Q: 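Dropping a structure here in structure tokens format, bear with me for questions.
Values in this document were obtained by computation on a predicted structure and should not be read as measured data. Chain letters run A, B, ... following the sequence lines, proteins first and then strands; every chain starts at 1.
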Amino acid sequence: MPELPEVETTRRGVAPHVDGRKVRALLVREHRLRWPIPGDLPAILEGQRITAVERRAKYLLFHTSRGSVLVHLGMSGSLRLVSPAEPAAFHDHFDIVFTGDTILRYNDPRRFGCCLWQPAGEVHPLLAGLGPEPLSEGFDGGLLYHRSRGRRGPVKSFLMDQKIVVGVGNIYANEALFLAGIRPDRAAGRISRARYEVLAGCVKQVLTSAIDQGGTTLRDFVGGDGKPGYFAQQLYAYGREGLPCKQCGKKLQESRISQRTTVYCVACQR
DNA sequence: CGCTGACCCTGACGGC
DNA sequence: TGCCGTCAGGGTCAGC
């Protein structure tokens with residue numbers, strides 16, 4: 001479900017309701033996520049106050065003075081605010097219950113997400129080694145150019161490598177490469193610096209635009225405020241295989257790159 | 001080190 | 001109607 005814009009949309013929807021709140025309880029119904037929810041996490045969290053809600057890559061970090069709860073939504077996860085009266089549904093794996101009437105409820109049918117603890121002053125292994133945020137100044141064409149030298153793999157895989165830059169998943173990799181006019185299967189190491197400058201700009205543009213639209217709703221994605229995202233109608237490539245290119249009218253081609261469906265225009269992307 | 005493919009899991013959908 | 005294969009926005013890990 002979520003790439004960076006969807007996670008950021010979730011953060012913005014949820015933060016105002018939990019920021020500054022005290023945790024009354026962590027209620028775990030199903031601990032078997034991508035990694036098990038630590039058995040001692042409820043005890044650690046109880047009584048802690050949320051001091052900030054941050055996003056790093058596709059992780060949400062709920063900071064407290066003792067450390068941070070690290071939540072990943074995986075492929076199918078979502079977080080939403082519910083009222084105490086609302087009964088838990090299938091795949092509602094845990095609740096963070098706050099003082100007042102606020103409950104943050106996590107749902108994830110495929111259980112590819114996680115809920116882990118990062119003690120204060122430590123960097124969780126999952127966050128160590130991540131590349132820069134794509135919307136930060138630390139990400140630009142020069143970085144893509146330098147990090148790609150000597151790499152024979154396709155530029156799309158390179159762009160989706162979280163060690164290079166975080167937050168770019170399958171949707172936005174397809175979109176950014178379309179906007180940049182670069183074929184997804186081109187070897188990353190054989191792309192010029194000038195073209196990487198363009199690509200970096202397109203990554204920033206497509207992510208910024210998607211965040212502004214509240215993310216991309218493909219199936220049933222809703223942000224923390226319960227509203228769907230509206231970016232889907234602006235997609236040029238993703239999900240449009242076989243349809244006419246919005247720029248030149250030629251039929252969009254489909255292929256597979258590292259097990260992920262890839263869509264591109266043979267005329268507009270070189 | 002870079003790259004590929006298997007794997008984690010459930011649910012939806014299309015073809016037969 | 002039901003069964004089966006395929007696919008889905010995530011990522012790790014082993015092996016070459």
Side-chain angles (χ1 to χ4, degrees), chain A residues 1-10 29-37 55-60 70-79 89-93 106-116 124-131 134 146-177 184-190 203 206-207 210-211 213-223 228-242 254-263:
Chain A
M1 170 190 303
E3 295 185 35
L4 185 150
E6 291 73 37
V7 177
E8 179 61 22
T9 297
T10 298
R29 299 185 191 83
E30 174 58 81
H31 70 278
R32 297 173 303 164
L33 303 186
R34 179 68 172 81
W35 293 280
I37 299 176
R55 180 193 55 73
R56 172 71 175 114
K58 296 169 192 166
Y59 294 90
L60 286 169
L70 203 150
V71 174
H72 197 291
L73 302 177
M75 284 281 255
S76 56
S78 61
L79 269 178
F90 198 29
H91 299 314
D92 281 344
H93 301 317
Y106 178 91
N107 183 282
D108 184 7
R110 293 176 74 180
R111 292 192 274 120
F112 284 176
C114 63
C115 176
L116 299 168
H124 196 282
L126 289 171
L127 301 185
L130 288 177
H146 290 301
R147 296 292 304 271
S148 63
R149 291 311 90 182
R151 294 184 66 140
R152 303 264 307 138
V155 61
K156 179 163 177 265
S157 305
F158 173 69
L159 194 58
M160 291 175 69
D161 184 343
Q162 306 294 298
K163 294 189 292 299
I164 303 300
V165 58
V166 302
V168 184
N170 199 33
I171 297 179
Y172 301 108
N174 276 299
E175 292 305 300
L177 288 165
D185 58 355
R186 181 172 291 278
R190 291 207 223 111
V203 167
V206 72
L207 292 177
I211 291 170
Q213 300 287 310
T216 300
T217 294
L218 259 36
R219 289 170 185 76
D220 52 1
F221 170 77
V222 289
Y230 292 97
F231 192 73
Q233 44 213 0
Q234 295 182 30
L235 295 174
Y236 282 87
Y238 182 85
R240 299 195 70 250
E241 58 273 15
E254 176 181 358
S255 70
R256 279 189 91 75
I257 294 176
S258 335
Q259 340 270 73
R260 313 301 292 272
T261 296
T262 303
V263 183

Q: Return the value, rounded to whole Å, for the distance between atom CD1 of A/I171 and atom P of C/dC7.
A: 18 Å
Q: Send over the distance from A/E254 CD to C/dT6 P, rounded to a whole Å.
A: 14 Å
Q: Looking at every heavy atom in both A/P184 and A/P154, which two are closest together, and how far apart are they?
A: O-CB, 3.5 Å
Q: About how many Å separate CD of A/E241 and CG of A/N174, when rounded to the nearest 0.5 Å?
A: 9.0 Å
Q: Base, sugar-phosphate, or nothing for A/F90, non-hydrogen atoms under 4.0 angstrom?
A: sugar-phosphate
Q: What is the 5' to 3' range of DNA chain B, first to last nucleotide, that sits under 4.0 Å from any heavy atom of chain A?
A: B/dC3 to B/dG11
Q: So, taking the atom named CG in A/D108 and the one named CZ in A/R34, what distance separates them when rounded to the nearest 0.5 Å?
A: 12.0 Å
Q: Please find the pair of heavy atoms, one from A/P5 and one from A/G215, that lie closest to each other, and give the distance.
A: CB-CA, 4.4 Å
Q: Round to the nearest Å and state the distance from A/I257 atom CD1 to C/dA8 atom P.
A: 13 Å
Q: Under 4.0 angstrom, heavy atoms only, what part of the nucleic acid is A/R256 near: base, sugar-phosphate, or nothing?
A: sugar-phosphate
Q: Check whether any side-chain heavy atom of A/R152 lies under 4.5 Å from a side-chain heavy atom of A/R190, and answer yes or no.
A: yes
Q: Taking the inter-plane angle between the rings of A/Y106 and A/H93 on a 0 to 90° scale, is it parallel (under 30°), tilted (30 to 60°) or perpendicular (over 60°)?
A: tilted
Q: Would you compute the distance between atom OH of A/Y59 and atom CG of A/L126 and round it to the nearest 0.5 angstrom?
A: 4.0 Å
Q: Please determine which of A/M160, A/R56, A/K58 meets the side chain to side chain contact (heavy atoms under 4.5 Å, CB included) test together with A/V166.
A: A/R56
Q: Using a 4.0 Å heavy-atom cut-off across all strands, classify A/S157 as base, sugar-phosphate, or nothing.
A: nothing
Q: Please work out if A/R32 contacts a base, only the sugar-phosphate, or nothing of the nucleic acid, heavy-atom cut-off 4.0 Å.
A: nothing
Q: Using whole Å, what does the distance between atom C1' of nucleotide C/dT6 and atom CD of A/E241 come to?
A: 14 Å
Q: If pairs are Watson-Crick or G-U with both distances under 3.5 Å, what is the dot-bracket string of DNA chain C, marking crossing pairs with [ ] and pairs to another strand with |?
A: .|||||||.|||||||
Q: Report the distance from atom NZ of A/K163 to atom CG of A/L130, rounding to the nearest 0.5 Å.
A: 9.5 Å
Q: Flag the pair A/H72 / A/L116 as yes when at least one side-chain heavy-atom distance between them is below 4.5 Å, and no otherwise.
A: no
Q: With a 3.5 Å cut-off and no angle check, do the side chains of A/R256 and A/T262 form a donor-acceptor pair?
A: no
Q: Reading nucleotides 11-16 of chain C 5' to 3', which nucleotides get B (base under 4.0 Å from a protein heavy atom), which S (sugar-phosphate only), which -?
A: BS----
